[in-house]
Amino acid sequence: MPDSANRDWDNQTPSEELVARVAEGDEYAFQILVNRHQTSVLNLIYRFMGDRLKSEDLAQETFLQVWRSAKTYQRKSKFTTWLYRICANLCLNEIKSARRKKWLQFFKNNPDSKQSENEDLLDDSPNPEDLLLARERNQQITNALQSLPENQRIALILKRYDNFSYEEISRVLGCSIAAVESLLVRAKRTLQKKLKKS
Amino acid sequence: MKCQTLEKKLSAYQDGELSALEKQQVDRHLADCHSCREQYVRLQQMWQALGDQTEIGPTPGFYNRVAQKIGQGSEKGVLGSRWGNWGLRALPSPVFASVILAIGILCGTYIGNSLFHFESFHSAAASPERGFLSYLRVFDPAPPGTLADSYERLLSYNESHTK
C-alpha cells in the first residue's frame with residue numbers, strides 16, 4: 001500500500017474497528033489507536049492527578065490495559081467511553097494506593113516535591129511575564145481541580161475538556177445520569193468558589 | 001420557574017442537557033431575572049477559565065514505551081508484573097480458602113491424634129480385636145481424636161475430679 005493510502009486508512013478507520021483488530025493481535029492497529037488517543041488520555045489523567053510524570057505512567061498503563069482486554073470490548077459502546085472507563089479506574093486505583101502509601105509513610109518525613117509538576121508545560125510562551133502568569137493560572141486551575149472529590153473531578157473533566165454527554169459520563173463512572181448531573185452541579189459550585197478566591 | 005429551581009437547572013442548561021421545554025423555561029427566566037442572569041454569567045466565566053489550563057503532550061517515544069511494557073508483561077506474565085512477590089494474592093479466593101481448610105483439617109487431625117495416640121496405642125495393644133474395632137468409632141458422634149471427643153473427655157475428666 002502506498003504511504004498516502006496508508007495514512008488515509010489510519011485516519012478513516014474508526015477506533016471501534018481498530019480495537020477489534022487489536023483483539024486479534026494487530027500491533028499496527030494498536031499503534032494507530034495509541035497515537036490517536038494518547039494526548040486525550042494523557043490530559044484526562046494529568047487533569048485528574050495534577051502530576052505530569054505520574055500521568056505519563058498511567059497513560060501507558062491505560063494502553064497496556066487496552067491491549068490486554070481488547071477481546072472484552074463490546075462494539076455496542078463507544079470506544080472512548082470504554083477507554084476512559086479504563087483510565088478512570090486506573091486513576092481511582094492510583095489515588096487509593098497513594099493514600100495507602102501515605103499512611104505507611106506517615107512517620108517518615110519524606111515530603112514529595114511537587115515543584116517539578118508543571119515546569120515543562122509552557123515552553124512556547126512569548127515573554128517571561130506571560131509565561132509566569134499563565135503558569136500561575138495553570139497552577140490555580142490544577143489546585144482547584146485537585147480539591148474536588150474524585151468522582152466529581154472525573155465527571156467535570158470529561159464534560160469540560162472532552163465534551164462528553166451526561167449519558168457517556170454515567171457509563172464511564174457506572175452511575176445514573178441524575179447522579180452525574182448532581183456531581184457536576186456540586187463540582188461547578190466548588191470550582192466557582194475556589195477560582196473566585198484565587 | 002423559581003430562582004431556586006433554576007439554580008439547580010443552570011448546570012445542565014449550560015451543558016446542553018435539558019429537554020426543549022426545560023430549556024425554554026430557563027431561557028424565559030433568565031431573560032426576566034437579573035440575579036439569575038448574573039449567576040449564569042459567573043458560571044460561564046468559571047467554565048471559560050478552566051480552558052486556560054495548558055494541554056500537555058506525550059513525551060517522544062510514548063508508543064515505544066507502551067510496546068516495551070507489553071513485551072515485558074508477556075515475558076513476566078500478569079502475575080509477575082502486577083503482584084510482584086505477592087503471587088498468592090492472585091489466587092482465586094475459593095482455591096485459597098480450600099487450601100487453608102485442608103491445612104486446618106490436617107493440622108487438627110495431627111494434633112488430635114498426637115494427643116490421644118498414647119492411650120489408643122495401649123488399648124489396641126491390650127486387645128487387638130478391640131483395637132481393630134476402635135477404628136469403627138470414626139462413625140461415632142464424637143470420633144476419637146476430634147475436637148468433640150476432646151471436649152467429651154474434658155467433661156468426663158472434670159466430672160470425675162469434682163466427685
Side-chain angles (χ1 to χ4, degrees), chain A residues 27 30-35 38-43 45-47 52 55-57 59-64 66-68 118 120-122 125 134-135 137-142 144-145 156-157 159-161 163-167 177 180-182 184-189 191-196, chain B residues 4-19 22-23 26 36 38-84 86 89-90:
Chain A
E27 285 180 28
F30 182 63
Q31 191 171 356
I32 300 168
L33 261 188
V34 173
N35 290 337
Q38 57 186 3
T39 307
S40 57
V41 165
L42 184 68
N43 277 287
I45 301 172
Y46 172 63
R47 283 173 180 130
R52 196 193 160 116
S55 307
E56 181 115 358
D57 274 352
Q60 286 169 20
E61 193 63 34
T62 303
F63 287 109
L64 201 63
V66 169
W67 174 263
R68 281 179 186 154
N118 299 304
D120 48 349
L121 297 180
L122 301 158
S125 209
R135 189 174 283 178
R137 190 71 188 142
N138 200 53
Q139 191 58 52
Q140 282 168 358
I141 295 166
T142 305
L145 284 173
L156 189 114
I157 292 168
K159 184 71 223 169
R160 176 61 183 88
Y161 300 101
N163 202 22
F164 267 40
S165 68
Y166 284 10
E167 197 188 339
I177 294 175
V180 171
E181 188 179 346
S182 156
L184 283 169
V185 168
R186 279 180 281 153
K188 287 177 187 181
R189 209 174 283 159
L191 282 184
Q192 261 184 300
K193 282 179 200 158
K194 295 270 175 189
L195 291 174
K196 203 176 168 185
Chain B
Q4 215 177 350
T5 318
L6 182 116
E7 201 189 329
K8 287 176 192 163
K9 299 269 174 200
L10 217 50
S11 166
Y13 173 80
Q14 182 190 37
D15 296 335
E17 293 276 345
L18 290 183
S19 67
E22 283 176 315
K23 187 182 172 298
V26 173
C36 285
E38 270 194 348
Q39 199 183 334
Y40 184 59
V41 169
R42 283 197 297 272
L43 189 65
Q44 287 284 61
Q45 283 169 344
M46 179 277 290
W47 206 239
Q48 290 296 321
L50 288 177
D52 291 346
Q53 201 188 31
T54 327
E55 196 166 88
I56 59 169
T59 50
F62 181 86
Y63 174 76
N64 291 339
R65 284 192 295 281
V66 177
Q68 206 179 348
K69 277 189 179 179
I70 289 172
Q72 284 170 358
S74 58
E75 278 164 28
K76 277 188 194 171
V78 181
L79 272 183
S81 59
R82 177 154 282 222
W83 295 108
W86 293 84
R89 275 205 211 175

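FYI, side chains are in, hydrogens and waters are out, and symmetry mates aren't considered; it's all heavy atoms of this structure. The sequence lines fix the lettering, A, B, ..., with proteins before strands; numbering per chain opens at 1. Just so it is clear, the model here is predicted, and its values are computed rather than measured.
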*Asks:* Given the options Glu56(A), Glu27(A), Arg47(A), which has more heavy-atom pairs under 4.5 Å with chain B than any of the others?
*Replies:* Glu56(A)
*Asks:* Heavy-atom distances under 4.5 Å only: say whether Val34(A) touches chain B with side chain, backbone, both or neither.
*Replies:* side chain
*Asks:* Under 4.5 Å heavy-atom distance to chain A, tell me which part of Gln45(B) shows up: side chain, backbone, both or neither.
*Replies:* neither
*Asks:* Counting N and O atoms only, with roles assigned by atom type, does the side chain of Glu17(B) sit under 3.5 Å from a partner on the main chain of Tyr166(A), one being a donor and the other an acceptor?
*Replies:*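 The answer is yes, because a donor-acceptor pair under 3.5 Å joins these two groups.
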*Asks:* With only heavy atoms counted, which part of Leu145(A) is less than 4.5 Å from chain B, the side chain, the backbone, both or neither?
*Replies:* side chain
*Asks:* For Ala59(A), is it the side chain, the backbone, both or neither that has a heavy atom under 4.5 Å from a heavy atom of chain B?
*Replies:*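 Ala59(A) touches chain B through backbone and side-chain heavy atoms alike.
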*Asks:* Shorter than 4.5 Å, heavy atoms on both sides: which option in Val180(A), Leu42(A), Thr39(A) has the most such pairs with chain B?
*Replies:*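 Answer, by heavy-atom pair count under 4.5 Å with chain B: Leu42(A).
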*Asks:* Name the region of Leu10(B), side chain, backbone, both or neither, that has any atom closer than 4.5 Å to a heavy atom of chain A.
*Replies:* neither
*Asks:* Could you tell me which portion of Ser182(A) (side chain, backbone, both or neither) has an atom closer than 4.5 angstrom to a non-hydrogen atom of chain B?
*Replies:* neither
*Asks:* Would you mind reporting whether Val66(B) and Phe62(B) have side-chain heavy atoms less than 4.5 Å apart?
*Replies:*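 Side chain of Phe62(B) against side chain of Val66(B), heavy atoms only: contact under 4.5 Å found.
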*Asks:* Could you check whether any side-chain N or O of Arg65(B) sits under 3.5 Å from a backbone N or O of Pro60(B), counting only pairs where one atom can act as donor and the other as acceptor?
*Replies:* yes
*Asks:* Which atom pair, heavy atoms only, marks the closest approach of Leu195(A) to Gln140(A)?
*Replies:* CD2-O, 4.2 Å
*Asks:* State, yes or no, whether a side-chain contact exists between Thr5(B) and Lys8(B) at a heavy-atom distance under 4.5 Å.
*Replies:* no
*Asks:* Gln31(A), Lys159(A), Arg160(A), Glu167(A): which one forms the most heavy-atom pairs within less than 4.5 Å of chain B?
*Replies:* Arg160(A)
*Asks:* Regarding Tyr161(A) and Asn43(A), do their side chains bring together a donor and an acceptor under 3.5 Å, going by distance alone?
*Replies:*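 No, no side-chain donor-acceptor pair sits under 3.5 Å.
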*Asks:* Is a side-chain N or O of Lys188(A) found less than 3.5 angstrom from the main chain of Ser11(B), in a donor-acceptor match?
*Replies:*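 Yes, the answer is positive, given that a donor and an acceptor are paired below the 3.5 Å cut-off.
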